[in-house]
Structure formats: C-alpha cells, structure tokens
Amino acid sequence: MGGSLREERLRKLQLLRARGIEPYPASFRTTEPIAAVVERFAGLAPAERADHRSRLAGRITALRRMGRATFLDLREGEAKIQGYANQDGLAERYELLELLDIGDFLGVEGPIFKTKRGELSIEIESFTLLAKALRPPPEKWHGLKDIELRYRQRYLDLLANPEVRQRFTLRSRIVSAMRSFLDSRGFLEVETPILQPIYGGAAARPFETFHHALGQKMFLRISDELYLKRLIIGGYPKVYEIGKDFRNEGLSTEHNPEFTQMECYQAFADYHDMMELAEQLIFWIAKEALGQTVISYQGREIDLAPPWRRLTLREAILERTGLDIALHTTKKALEEEAARLGLRLTPQPTWGKLVDELLSEYVQPELIQPTFILDYPVEISPLAKRKADSPALVERFELFIGGLELGNAFSELNDPLDQAERFRQQEELRRLGDEEAQVLDEDFLIALEHGMPPTGGLGLGVDRLVMLLTDARSIRDVILFPTLRPPGR
RNA sequence: GGGCCGUUAGCUCAGGGGCAGAGCACCUGCCUUUUAAGCAGGGAGCCGCAGGUUCGAGUCCUGCACGGCCCA
C-alpha cells in the first residue's frame, strides 16, 4: 500500500511528463536567495510594486487556489515569500499549476510587489518545477509530534518544527565557537584514529569490528586520549580534536552510544589551568553562540560567568550526605558507614566506584550552577597524576552544570612506571569481572617512556553542552540522527 | 533487566464491548490580491503484530515489536 496520496502525486508526475515537463531538472539559476528579497523589500507599502525582477527558488509550503488566481508560499531555509499567479499572466501555462503540490520545489520569475494586505510577493510570470514531492509533508498546524517519527525521519521534524531547526543551527554555532576559541588560544586541531587496534582512555566497553585485509579485530575508539597524548610527546604543545566516540552501553536521556567529544591537551599545564580553560571556553561559547551568559536550563537560571565554584569530591560528598570518605578508606568501611547514615547505594566492586556512586547519586543532581569537583580516587582515574601530598587521590576534576556531567580533566600522568603499574591494576580489575577496566596499551607506555611533559588534558561532552545551552531535556534532541532500534517489520 | 504509559487515515487526535470518527492534507465543482482563504460535495483505514475471551473486540485478556518516562 503506497497510499492514495502518493498515487495521486504519481498521477500528476505522469501528466507532467506527458506534457514534456521534466519534473527533476538539473539546475535553476536564481538571482538571489529569498531571504535577500525579504530583507530588501520589507519596507514596500501595501499594493506597491518594486522596480525589481527576481528569479527565486524554494519549496512550496502552502497553496491557495482561487480559480483563475493562485497564491503559494515558497520557502528557502528560514525565509519565505508568497508567489502570486493568475491566468492573465500565465495564459495556457496556468493550468500546469494544477499539477503542483505542497512539498514540491519550484523556481519562479517575475516582479516583486506587496499585496493590498501587505504580503511581500513575487508575481509569477514564469515558473519551473524543480523537484516533485511524492509524499505529503506533516500537518501544517501541529507540526510533527510523534517522537519516534521525529527521530527516524528527522528531515520531516526539521521541516515541520522551526524550533528544532533553530536548535540544530545553534549546535553548529556552538561547535564553531568552540573551534574559534581553541584556535585563538593556539591549539592545533588534529585528527586521530577512530578505528583502533587497542581502545583506551576511558572506562567503557567498546564496539568491536574486524579488518579483513589485516585479519585483525579492531575497535571503535571510546576516547581520543591516548593518541592526543602521543602528539604532545611528539612535540605539539597544544592540540585538540572534536569528534565521535563510541561506547557500547545503554541509551538514556544523557547517553547515546555514538557521541561527540572535544578533547584538548596542553603541555606545561595542570588541571587548574584546565579549569580556567573550561570556564573561559564555555563562557565564550555562550556569549558567541547565544549572545547571553545567564541561561535557563529546565526551569533553573544558571550564571556562566567565571570563576566557577571549586569543591573537592570529599567536601562535596560530606556537604550532601554527612559522610566523610576520608575517614572510611576501605570498601567495607564505606559501605557500613553509608548504611548507618541511611544512604541508598547499589553494590560496587571497589571503594573508588562506591565514591563515584555517592557522587552521581547524591551530589550531581544538586550541581546546578557550574561546579568543578576535584581530587578523585586514584583507582578510578588510571590516567591521571597523583596528588603530591596525598597519593591515594589524583589531580582530576569533573565539571557539572545543570546537573549534567559535562567534562573531565586531569593533570595527565606522565610517569611511565606509575602508568605501567596503573595498567596492571586495571588488568587485575578486569580479571575480577570489570568489563570497563582499561586494557594495557604497550605502545602507549613506550611513547610515555620517551618523555611526556607535564600536561593538562580536558574532555568536554559536546552533546551535553548543546543540551545545556539549548535547554534540551534529552540528548536525542541535540543529535540529528540518534541511535534507535531498527523499526520492526 | 523491571514498572508505568503510548501505538486508530499522510499528519494531529477523539472513540474503552454493538455500522471506523473529527480537523488539516487529498479529490471534484465555484471563486483573479488570498494567507490557518472561503463555500458545496467526495474519497481515504491490517485500529502496531500474533493469539485468546465473547453471539459480537480499536475497545477486555496474554504474548511480541517499536517508542516514551521512571527505576536498576
């Protein structure tokens, strides 16, 4: 069943071809975009004619037929102009208008004028069908609401819902502002492998694939970290990459298996420098892309002006739960104390993961204003440098805004022997069943042994940043084509 | 993985045991400055899929698929 609407349009297509009209011509030269005409002639008085002819092209979004006169709306991007045609002007070509439908692309030529009611219009003296649409667009009043259709047929969502179009335009501006900020600070944009023989740089399960010519299993990267550090070792002082990472985990309003991350690394910097960089970066992006630095996210006002609050992980958990993790340094002791305080925790394999659980359960939802949480347990941070005065902790922060985890940064571990020992600990965790434990990367260790300067590194979740800046509740609303199950047949 | 909710015309949605509905869209007719054009008439459905209960099932029950929200 193709549906009678489609069959009707196919019938019109045949009629057009029967009259020698090609419904999908190769090109059409316009004199200017519709937006230029709208801007230039907005000031025309009602019923006034401009001394100007245009050739314009756009998609027909409305058709009002009135016998021997026809009005149609032509849209090109955000801009719209009305076309006016009548039988006097078009003579025998007028009846061809019968074969047009909403959704078709049309090229028109004629003088610009305003109707008596003040609508800017082009008087159609000639027209060319540019592409016939065989399926009707979504409903004109209510748009496209079905969430599943909006994700699966995003092009319809973009056509029908202007706020969706605006949000994705804003996403592009945000990424563009991110690049211009980093470029202006002297960072070099690079590209590192997405297809990798060994994955690393984060705690996550990977997607696996197979390279036939090499006869070898390969992985999609879960992070850019270990390759960007190799570039710091190679002598670049400041590098960054904006690209897709892939993590083989569940989907949620904050997780898509394929997501965009910005990672940057700076030699001779530490995590304090990365905090400054992060707050300046996001402040700049808000100013550039949004034009404002006080934003509203899910009904709460957030001020992005630096400096942002800095709080150790220990202080943050103490503040929210009354539990001092520094006083309970084994998994068992921490579990018992949490139970005594009536804290609801899911069982975790290690002390560090328990701490992480306390953070995400009790602290993160309260972190609405921008906050850096600092100094994480070494066992959940295998690539970060230990704090000189307390070697069970590392120089690491995570950034939270609006309850979202937006970023992660370290003073990078550059001691190759300590790094080797961390990998060994991760392998032990893997043997105990932790599928997210990191895998030993010998080649990376060799690189580190050649000497990496003290380095600060920062990772920012671009999708989540876009969520924050466009007030989106779900990550699927900021990813054009989010991961979905294939539709059942 | 669990709980709850949703799936009816191209789209937006009513209908919750008794003839399958509305608005937009579509088709036909009238209409030469309309604009959510208007007026008159018409067509359009595997009611997500598969079973079950019933004289009778969009409607009640079970399973499945897809999606959403919450929890793990």
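Numbered from 1 within each chain, the chains take letters A, B, ... in sequence-line order.
- Base pairing of B/rA9: no nucleotide in any strand meets the Watson-Crick or G-U wobble criterion (both distances under 3.5 Å).
- Within the nucleic acid shown, A/R117 comes within 4.0 Å of at least one base atom, counting heavy atoms only.
- Between the CE atom of A/M66 and the P atom of B/rC39 there is a distance of 13 Å, given to the nearest Å.
- The only member of A/L383, A/I380, A/L313 that meets side-chain contact (heavy atoms from CB on, under 4.5 Å) when paired with A/R396 is A/I380.
- Under the Watson-Crick or G-U wobble criterion, with both distances below 3.5 Å, B/rC39 is paired with B/rG29.
- An anti orientation is assigned to B/rG52, its glycosidic angle lying beyond 90° of 0.
- Residue contacts for A/D73: at a heavy-atom cut-off of 4.0 Å it reaches no nucleic acid atom on any strand shown.
- Pair assignment for B/rG45: none, as no Watson-Crick or G-U wobble contacts are both less than 3.5 Å.
- Side-chain contact check for A/T70 and A/R65: no donor-acceptor pair (N or O, by modelled atom type) lies under 3.5 Å.
- One can place CD of A/E8 at 12 Å from C1' of B/rA25, the figure rounded to the nearest angstrom.
- Distance, A/L134 CG to B/rC26 C1': 15 Å, rounded to whole Å.
- Judged by distance alone, with hydrogens and angles left aside, A/R68 brings no side-chain donor or acceptor close enough to the base of B/rU32 to form a pair under 3.5 Å.
- One atom, CG of A/L99, and another, C1' of B/rC26, lie 15 Å apart when rounded to the nearest Å.
- Between A/E119 and A/K114, none of the side-chain N atoms (NZ, or NE/NH1/NH2) sits under 4.0 Å from a carboxylate O, so this pair counts as no salt bridge.
- When both pairing distances are held under 3.5 Å, B/rU53 makes no Watson-Crick or G-U pair with any nucleotide shown.
- Between A/F372 and A/F397, the ring planes lie perpendicular to each other; the angle is over 60°, past the 30° to 60° tilted range.
- One interatomic measurement links the two molecules: CD of A/E139 to P of B/rG23, which rounds to 12 Å at whole-angstrom precision.
- Residue A/R9 is out of contact with every strand shown, counting any heavy-atom pair closer than 4.0 Å.
- Considering A/L404, A/L469, A/I401 in turn, A/L404 is the only one that fulfils the side-chain contact (heavy atoms from CB on, under 4.5 Å) rule with A/Y297.
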What nitrogen or oxygen pairs link the protein and nucleotides 68-72 of chain B at under 3.5 Å?
unit_1, atom_1, unit_2, atom_2, d
B/rG68, OP1, A/R476, NE, 3.3
B/rG68, OP1, A/R476, NH1, 3.2
B/rA72, OP1, A/R344, NH1, 2.5

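- Here B/rG58 is in the syn range [glycosidic angle within 90° of 0].
- We find that A/R154 and A/D157 are joined by a salt bridge, their nearest charged nitrogen and carboxylate oxygen being less than 4.0 Å apart.
- Across the protein-nucleic acid pair, A/R152 atom CZ and B/rA65 atom C1' stand 11 Å apart, rounded to whole Å.
- No N or O donor and acceptor, one from the side chain of A/E119 and one from the base of B/rU33, sit under 3.5 Å apart.
- With 3.5 Å as the limit, one finds a donor-acceptor pair spanning the side chains of A/H52 and A/S54.
- Between A/Y84 and A/F113, the angle of the ring planes goes over 60°, which puts this pair in the perpendicular group of the 30/60° scheme.
- Between the CD atom of A/E95 and the C1' atom of B/rU32 there is a distance of 17 Å, rounded to whole Å.
- Here A/K114 lies out of heavy-atom contact (under 4.0 Å) with every strand.
- In this entry the distance linking NE2 of A/H142 with P of B/rA14 reads 11 Å, nearest Å.
- When heavy atoms are screened at a 4.0 angstrom cut-off, A/K140 is found touching the sugar-phosphate backbone but no base atom.
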